[in-house]
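Here is the structure we will look at, set down as structure tokens.
All chains are named by letter (A, B, ...) in the order of the sequence lines, taking the proteins before the strands, and each is independently numbered beginning at 1.
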Amino acid sequence: MNALAEAIRPEVVQGPALWQREAEPAGEALVSFRQVGRQFQAGGRSVQALQEVSFDIRRGEIFGIIGRSGAGKSTLLRTINRLESPGSGQVLVAGKDLSGLNEAQLAQARRGIGMIFQHFNLLSSRTVAQNIGLPLKIAGLPQAEIDARVDSLLQLVGLEGKRDVYPSRLSGGQKQRVGIARALVHQPELLLCDEATSALDPETTQSILALLRDINRQLKVTVVLITHEMAVIREVCDRVAVLEAGKVVELGPVWQVFGAPQADATRALLASLNHELPADVAGRIVQEPASAQSELLLDVRLDGVSGQDPALGPLVAALGPATRLLHGGVERIQGRAQGRLVLACAPQSRNRLGDLARQLAIPAGNIRILGYVDHA
Amino acid sequence: MNALAEAIRPEVVQGPALWQREAEPAGEALVSFRQVGRQFQAGGRSVQALQEVSFDIRRGEIFGIIGRSGAGKSTLLRTINRLESPGSGQVLVAGKDLSGLNEAQLAQARRGIGMIFQHFNLLSSRTVAQNIGLPLKIAGLPQAEIDARVDSLLQLVGLEGKRDVYPSRLSGGQKQRVGIARALVHQPELLLCDEATSALDPETTQSILALLRDINRQLKVTVVLITHEMAVIREVCDRVAVLEAGKVVELGPVWQVFGAPQADATRALLASLNHELPADVAGRIVQEPASAQSELLLDVRLDGVSGQDPALGPLVAALGPATRLLHGGVERIQGRAQGRLVLACAPQSRNRLGDLARQLAIPAGNIRILGYVDHA
Amino acid sequence: MPDSFDLYLTAAWQTLQMVSVSALVSAIFGLALALLLVTTGPGDLYARPWLNRVVGSVVNVFRSVPFIILLVVLLPFTRLVVGSTIGVWAAVVPLSVAGIPFFARIAEVSLREVDRGLIEAVQAMGGRKRDVLWHVLLPEALPGIVSGLTITLVAMIGSSAMAGAVGAGGLGDVAIRYGYQRFDTQVMVSVLIGLVVLVSVVQTAGDVLARRLNHRQ
Amino acid sequence: MPDSFDLYLTAAWQTLQMVSVSALVSAIFGLALALLLVTTGPGDLYARPWLNRVVGSVVNVFRSVPFIILLVVLLPFTRLVVGSTIGVWAAVVPLSVAGIPFFARIAEVSLREVDRGLIEAVQAMGGRKRDVLWHVLLPEALPGIVSGLTITLVAMIGSSAMAGAVGAGGLGDVAIRYGYQRFDTQVMVSVLIGLVVLVSVVQTAGDVLARRLNHRQ
Amino acid sequence: PNGIKVGVSSTPQIESLQIAVKEAKAQGLNVELVEFSDWNTPNAALANGDIDVNYFQHIPFLENAKKQGGYDFVPIAPGTIMKIGLYSHKWKSFAQIPVGGKVAIAGDPVNGGRGLLLLEKAGLIKLKPGLAYKATIQDIVANPRKLQIVQLEASQLARSLDDVDLAQGYPSFLKLAGDNPDNALLFDGLENRIYALQWVVRKQDVNNAQIRRFIAIYQQSKQVRASLDKVFGKLYAPAWL
Ligand SMILES: Nc1ncnc2c1ncn2[C@@H]1O[C@H](COP(=O)(O)OP(=O)(O)OP(=O)(O)O)[C@@H](O)[C@H]1O
Ligand SMILES: Nc1ncnc2c1ncn2[C@@H]1O[C@H](COP(=O)(O)OP(=O)(O)OP(=O)(O)O)[C@@H](O)[C@H]1O
Ligand SMILES: [Mg+2]
Ligand SMILES: [Mg+2]
């Protein structure tokens with residue numbers, strides 16, 4: 001993904017390989033929300049879209065915002081570049097309250113902030129290339145330079161063939177990629193992404209995520225990212241905030257929030273990631289062993305706190321050689337193995353669960369007995 | 001999710017529990033594509049959006065369509081209800097070519113087909129309730145009945161509070177849910193979903209998927225579903241087609257296509273699902289063992305063909321008790337365990353891989369040596 | 001020269017009558033014509049290119065004739081419709097005949113702005129063409145149509161001055177006869193103030209209504 | 001009675017001159033006014049509610065005055081601008097003065113249709129207000145504006161008939177003089193055919209251009 | 001400068017004027033006719049110096065224009081004088097006109113006054129005394145038959161005959177409209193000289209030789225007279241004779 005470095009800021013040398021990166025020290029705040037509130041009127045009711053939101057986004061991090069549909073994520077993001085003005089409270093960007101700026105200053109400040117919109121917001125009257133080049137045109141760059149940058153971004157998002165096509169002629173994912181390219185073209189210091197990959201296939205999503213990670217690491221771009229794809233958060237974010245009904249209900253490093261979610265909202269959001277019990281297994285569970293062939297079903301949650309990868313030897317030693325992995329697995333988040341294993345084992349292993357917890361270095365509470373199934 | 005049965009067709013009794021369901025016999029074709037082609041002109045080039053597409057969608061199945069952005073998925077879906085007319089070839093719905101119908105007949109046929117649009121397409125001049133009720137209004141139902149149905153659907157998609165709000169006042173996910181409710185309100189026999197959950201959080205996505213599964217099972221609604229979320233395909237689809245540059249490059253039961261993808265496009269799409277090597281591991285791999293503490297890294301792919309769940313005993317027996325699960329896991333697709341395990345084990349286990357393959361009942365080719373890592 | 005307030009009141013009443021009736025007629029038939037124009041073009045909903053060209057040409061013909069001439073040319077038709085060629089009702093006929101194609105062209109612009117995706121949505125749910133007209137084109141274009149009707153109304157108030165030529169009276173006619181032709185600046189200014197008030201009321205009402213009806217943002 | 005083809009040619013040329021110049025002036029100033037109207041309302045881009053009300057009122061005033069009166073009231077201004085009160089150029093002034101507020105109201109409708117999300121996009125990329133005007137409002141509304149200009153042009157061809165009051169001639173004036181005042185149906189019909197052709201050409205060209213410029217669907 | 005501009009209104013007289021222009025040209029005098037379709041602008045244009053002389057108004061109209069517009073104009077020669085009449089398609093005599101009948105008169109100030117005077121002469125109404133042609137509808141003091149008086153534009157009067165019981169009419173328009181202009185129930189005769197059209201100039205041009213020469217050509221040309229006779233028959237008189 002060095003293409004980006006070339007495309008955007010040729011002078012930057014390549015950063016260290018990604019995996020070598022250490023957890024960064026708590027950095028300086030780039031965005032600070034201070035008691036931010038926002039209320040809307042609609043259909044005769046008032047909706048409190050944001051409520052006493054207070055937290056910081058640090059310079060250089062990739063910050064995720066998740067939450068249920070309608071939780072206020074987009075509204076919060078939009079207060080950062082003041083497309084939405086907070087009804088109460090303050091939003092500081094680099095220590096400054098943008099509400100105090102005049103038009104020219106606000107525009108100048110916004111030039112340092114890129115935004116990818118949930119609904120793309122492409123200009124229908126401009127071709128793909130013209131849409132992407134617009135921020136540069138507005139900034140007054142010469143056309144030759146604009147063309148060069150636009151071309152390399154087109155390549156980066158895989159739309160070389162659609163250069164002179166109008167947005168109405170694009171597929172959903174193609175539109176989204178135009179929106180991404182447009183948000184990147186003016187080398188923002190801060191990038192706001194509102195569901196920037198929702199319309200993209202997994203492969204393209206991966207390449208866009210790699211791109212985001214790249215500009216984050218190499219160009220020190222701070223990224224704020226709303227997404228419904230927990231895998232995306234897991235893969236690229238440093239910290240994540242969980243919004244629920246306009247309030248921040250959880251905030252922390254991704255491995256912590258994902259590994260040991262505290263709020264109900266978080267748990268609900270992560271449910272799918274946590275490998276919910278598949279229907280074919282769930283349907284067969286009974287509370288007492290039905291026969292001699294019955295197996296004990298265990299749910300083992302690895303929260304990554306110990307930092308250890310689950311060793312299978314002790315596991316088999318504790319549960320017996322007939323132990324089968326029915327479902328679940330391990331994901332690595334920020335270098336920590338997290339996940340959930342649904343195991344089937346001999347019913348008598350029931351007595352050795354404390355042992356198992358010790359072996360795997362997890363709290364005993366992380367092991368749950370689901371019941372018994374007949375080994376078909 | 002019985003709410004739906006009440007909401008939509010009160011007379012239908014509840015079907016069998018989901019997990020009891022058997023693989024259905026190859027059913028009758030509800031939608032048949034016959035050599036379908038479609039070409040667009042844009043920006044001076046011509047784009048072959050569809051090319052010789054020929055396959056059937058069976059009555060009663062949930063059929064997934066996946067493919068890269070711009071592959072032609074939306075175009076294909078739109079030929080089913082003839083929002084797009086195929087440039088060449090035929091699309092038959094219930095054996096009939098809709099192109100031969102007059103206006104009234106086409107409208108009648110479309111009343112049996114629900115559609116959820118990629119871009120929602122909500123009428124800005126109508127409130128949420130009016131948008132949802134529109135198909136019924138068009139069908140001439142009395143207002144009281146419309147209201148009743150709309151209310152139960154509003155509840156189903158969790159938008160009771162937004163009944164009289166106009167779409168411009170909704171968040172992205174709320175809009176999408178209105179689109180979903182609208183597509184369901186007139187009890188279609190065939191439901192076309194174009195990225196119907198892309199803007200939804202995982203929890204809402206789950207409930208919508210459960211809803212789809214429910215109407216599929218209980219009301220025998222055939223569902224055609226485009227999505228970029230492979231997990232969605234895995235969870236609800238019976239069969240899946242993979243489109244690439246307008247052509248169908250792979251088609252089959254989900255467990256087969258996902259378990260043993262044949263086409264490059266499929267593999268690329270599934271890459272993320274297949275638990276690509278996490279960066280922190282990938283960065284540490286070397287080709288030769290560096291020291292005595294080095295571990296062998298194995299990539300074991302379970303394709304579900306054998307139908308067996310991986311037993312951990314034999315695995316440990318083959319690879320040694322120090323074996324650790326670094327990454328990956330098992331997913332159950334249509335009752336079959338599939339997935340990929342990245343294991344770290346003693347270097348000398350290298351000689352016992354054939355044994356391992358036998359034990360796990362997988363082809364030897366499914367086990368790949370990734371290299372060595374130092375056990376930090 | 002008129003010394004009574006009555007003159008103004010009568011004139012205002014005549015203008016209101018002429019314009020409101022003509023506007024109503026123009027709104028209905030103009031909108032119908034606009035729908036015809038928008039839906040019968042090649043590739044459109046009803047795709048009758050031939051009809052489209054005929055309707056377009058008829059609209060063009062009526063828009064080509066200067067109003068004062070139209071007034072005269074229509075006299076036999078006017079007599080047929082309202083039984084007389086003089087008076088308020090006689091003015092309504094040419095005002096409407098001029099207003100219909102004018103408003104049709106204006107409404108056409110707003111109707112063309114409607115997002116095709118919405119039309120598809122209604123078609124996909126089994127809507128017939130009339131449903132598309134009724135549930136998509138008209139309601140979605142409504143704010144623009146209301147603004148267009150406002151423009152038409154104001155233009156009609158202007159044209160109604162000329163309709164004074166057929167003895168319909170009205171504010172504009174008074175302005176021309178008393179103010180303009182008799183150089184009576186005082187009367188003219190008074191009448192013009194009346195016209196300005198009328199136009200402002202119409203414009204403001206139209207603006208407010210259009211804003212109310214617009215739920216797009 | 002004119003027996004020569006010359007009469008028609010001269011008249012057509014006069015109409016073309018009057019209308020094209022007036023249309024150009026109206027397009028420029030009308031569009032500027034429309035932008036003012038659209039952007040200065042409360043809560044809008046430039047939010048100057050006071051200015052907005054003043055501009056709106058001025059537009060209303062000019063739209064309230066019947067064209068024939070405007071023509072005469074403007075005579076001193078006309079002389080100031082073009083140095084004469086008769087002829088084609090003298091007609092251009094009142095035609096423009098009437099055309100500007102008319103077109104402003106029409107363009108206003110199209111400008112108001114522009115999706116707010118697009119304005120936000122340009123603001124978010126650091127666009128200033130003028131960038132929003134230049135890169136969003138104008139280009140996105142352009143198809144509608146072109147259609148609106150077409151309507152204005154055709155209306156202006158109609159009004160130019162009255163420009164005979166200042167001896168400017170033109171097709172419409174010939175129609176009035178010969179047809180209306182001299183009851184010469186033959187000349188009138190010939191002239192009307194010319195007008196129909198002119199209007200049809202303008203309308204067709206406007207339609208084609210608007211369609212070309214519309215990349216929305 | 002060589003040549004003059006003459007402002008005229010569009011009337012059927014235009015042909016006779018064009019003939020005069022041709023004759024003047026033959027004699028080396030360039031005359032340009034500027035045709036106005038309105039009765040206000042020719043005076044404004046004259047005041048502004050855009051034309052040198054106009055020929056479309058009679059004395060009452062001129063007096064009114066001078067007073068209201070502040071013009072310093074002088075009528076230097078008379079032109080034609082037209083009869084006007086009261087016409088009806090429905091009735092043969094004034095006595096037949098029903099109570100509440102509709103009567104159309106000209107909408108412009110001066111001709112409207114002339115029409116009212118004619119109605120008074122016919123015994124249908126009574127006007128405030130002493131106003132003469134300045135009378136308006138408001139000055140009607142007695143209207144025993146409760147006639148509804150409708151004001152129309154001059155050329156429109158001829159087109160309204162089918163819809164009214166009685167209309168003031170200009171013979172020239174009636175003739176052009178295909179009616180017989182001689183069938184008036186009552187004429188306002190040619191003796192009323194103040195209704196003769198006037199050649200009007202700015203005060204400083206009273207002695208302008210070119211203007212005078214053109215007027216002379218017009219007044220003396222046989223072809224001009226022939227043309228006028230053809231259009232107006234007996235319903236006009238040359239007031240300069
Ligand atoms: N312009 C508006 N007027 C009224 N209500 C609004 C408006 N914009 C947002 N809301 C409401 O505020 C709440 C938060 O909206 P927001 O768009 O921030 O949600 P979100 O978290 O981004 O949801 P999603 O994931 O569905 O996009 C929602 O309930 C929404 O209906
Ligand atoms: N109206 C159109 N005019 C021109 N080209 C079009 C049009 N609609 C679609 N295309 C092109 O056809 C191809 C297929 O488009 P389609 O919308 O079917 O893709 P898709 O598979 O749905 O992609 P996505 O996942 O991004 O929504 C794309 O390359 C697109 O650019
Ligand atoms: Mg959102
Ligand atoms: Mg698509």
Open item on the list: Please report the interatomic distance CE(C:Met188) to CD1(D:Ile69), rounded to the nearest 0.5 Å.
Closed with: 5.5 Å
Open item on the list: So if I apply the side chain to side chain contact (heavy atoms under 4.5 Å, CB included) rule between D:Arg63 and each of C:Ile151, C:Leu195, C:Val196, which one comes out positive?
Closed with: C:Ile151
- [ ] Mark yes when over 12 heavy atoms from residues, nucleotides or ligands other than D:Tyr46 sit less than 6.0 Å from its OH; otherwise mark no.
- [x] yes
Task: Approximate separation, where rounding is to 0.5 Å, of D:Gln203 CD and C:Ser57 OG - done: 10.0 Å
- [ ] Measure distances from D:Val114 to the heavy atoms of chain C and classify the residue's part below 4.5 Å as side chain, backbone, both or neither.
- [x] backbone
Open item on the list: Is D:Ile157 close to chain C through its backbone or its side chain, or both, or neither, when contacts mean heavy atoms under 4.5 Å?
Closed with: neither
Open item on the list: Need one label for C:Val73: side chain, backbone, both or neither, based on atoms under 4.5 Å from any heavy atom in chain D.
Closed with: side chain
Task: C:Ile106 versus chain D, the contacting section by heavy-atom distance below 4.5 Å - done: both
- [ ] With rounding to the nearest 0.5 Å, note down the distance linking CZ in C:Arg112 to CD in D:Glu113.
- [x] 14.5 Å
TODO: Under 4.5 Å, counting heavy-atom pairs only, tell me which of D:Ala175, D:Gly158, D:Ala161 racks up the most with chain C.
DONE: D:Ala175
Task: D:Leu198, part contacting chain C, at a heavy-atom distance under 4.5 Å - done: neither
Task: Spatial distance of atom CD1 (C:Ile193) from atom OG (D:Ser64) [nearest 0.5 Å] - done: 11.0 Å
TODO: Pick one of side chain, backbone, both or neither for D:Ser159, based on which atoms fall under 4.5 Å of a heavy atom in chain C.
DONE: neither
Open item on the list: So for C:Val61, is it side chain, backbone, both, or neither that comes closer than 4.5 Å to the heavy atoms of chain D?
Closed with: both
Task: Residue part contacting chain C, namely of D:Arg216, when any heavy atom lies under 4.5 Å - done: side chain
Task: Closest approach of D:Pro66 to C:Gly172 (non-hydrogen atoms, all atoms of both residues) - done: CG-CA, 4.2 Å
Open item on the list: Within this structure, what is the OG1-CD distance for the pair C:Thr150 and D:Glu108, rounded to the nearest 0.5 Å?
Closed with: 9.5 Å
TODO: Below 4.5 Å from any heavy atom of chain C, which atoms of D:Ala155 appear? Answer side chain, backbone, both or neither.
DONE: both
Task: Segment of D:Phe62 engaging chain C (4.5 angstrom heavy-atom cut-off) - done: neither
- [ ] Would you name the heavy atoms of D:Val109 and C:Ser110 that are closest together and state the gap between them?
- [x] CG1-OG, 4.2 Å
